[in-house]
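Note on naming: letters A, B, ... go to the chains in the order of the sequence lines (proteins, then strands), and numbering restarts at 1 for each one. The structure displayed is predicted, hence computed values, not measured ones. No hydrogens, no waters, no symmetry mates; every other heavy atom, side chains included, goes into these values.
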Protein chains: 2
Amino acid sequence: MEITEQLHAKGLKSTPLRSSLMKIFQDHHSPLSAEELESKLKGLDYDPASLFRCLKKFTEAQLIRVVDLGEGFHRFESICHVHSHHHHVMCNSCKKIETIPFCIPKEIETHLKKTGYSHLTHRMDFFGLCGSCS
Amino acid sequence: MEITEQLHAKGLKSTPLRSSLMKIFQDHHSPLSAEELESKLKGLDYDPASLFRCLKKFTEAQLIRVVDLGEGFHRFESICHVHSHHHHVMCNSCKKIETIPFCIPKEIETHLKKTGYSHLTHRMDFFGLCGSCS
DNA sequence: GTTTATGCAAATGGTTTGCACTCGA
DNA sequence: TCGAGTGCAAACCATTTGCATAAAC
């Protein structure tokens, strides 16, 4: 499906900024910060406020999701329905972020349900030094 | 050990703000936000900037640790060496935070080490509705 | 032609910093 | 006494908002 169509399918208008953003998210599967997006949008004339407004709209439309790795700012990554739920490892030195194919053991959520919790979600992230930085 | 002694042991001077903070952290084992600390410090005359400076010093001195639950602000909890490493569940409705006695399976870190990562740490938090809010 | 998105500028919220003053050891 | 801690005001940084203009459909 064309980028314009994808936007229209979510009830969003297609604009230069939005389609550039969509293209970036299609090409990059690791979570990007607003700053990183800005550097990838170099050449395009736009306002930072519009960037954040787009990111909010995209998030609401489930085109992307917010990733918070405790860095003091947010990251955004495209929602690929093939590998929807996943976790990340970030290198503390080069800040490279990789997706990891493991999830938490069911037993923990099962235990929490037994103690009364419902509608459970979780967050799990790893931090360390990657092979190249070690 | 007296609070004053604990501070001195870390090379920190004892002041009204610092000893009040220490007392709060000793009495509350769930992670507290700066705002929550301020309401517990009611009656004491101090500057918010000093509060953050104390929290930073305490963190550096390993008296407390920063807990980031993705709320847009930090929480701080005392480091109790008896139960040093642990995780949290937060209720999305009443914001109650509980400590949970489970950790991630060793296999995940083992796998990450095999792919080249070293000095690994992790973060794992659960979110849901607690028994009372369900 | 309407609705929606954008640019600009100013505001927000959590937190940090510079600097002169004050206090604890 | 003397360095560490504080108050005050201003700065910071990521993000948000109000409002008038401009572009998409």
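On a pure distance criterion of 3.5 Å, a polar donor-acceptor pair joins the side chain of A:K13 and the base of C:dT3.
Between D:dC25 and A:H8, a contact under 4.0 Å exists linking OP1 or OP2 to a side-chain N or O. Within the 4.0 Å cut-off from OP1 or OP2 of C:dT15, at least one side-chain nitrogen or oxygen of B:H74 is found. Contact between the side-chain N/O atoms of B:S50 and the OP1/OP2 oxygens of D:dG7 is found at a separation under 4.0 Å. Of the side-chain N and O atoms in A:T15, none sit less than 4.0 angstrom from OP1 or OP2 of C:dA5.
Residues B:F76 and A:L17 each lie close to DNA chain C; by heavy-atom proximity, the contact nearer the 5' end of the strand is made by A:L17. Between B:S14 and B:A49, the one whose closest nucleotide on DNA chain C sits nearer the 5' end is B:A49.
Rounded to the nearest 0.5 Å, atoms CZ (A:F126) and CD1 (A:I100) are 4.5 Å apart.
Between the CG atom of A:L41 and the C1' atom of C:dT6 there is a distance of 14 Å, rounded to whole Å. Atom CZ of A:F73 and atom P of D:dA14 are 8 Å apart (whole Å). If you take CG of B:L37 and P of C:dT15, they are 11 Å apart, rounded to a whole angstrom.
The residue B:R53 sits close to a base: some heavy atom pair falls under 4.0 Å.
B:M90 and A:Y117 fall into different hydrophobic clusters, where Ile, Leu, Val, Met, Phe, Trp and Tyr side chains are chained together by heavy-atom contacts under 4.5 Å.
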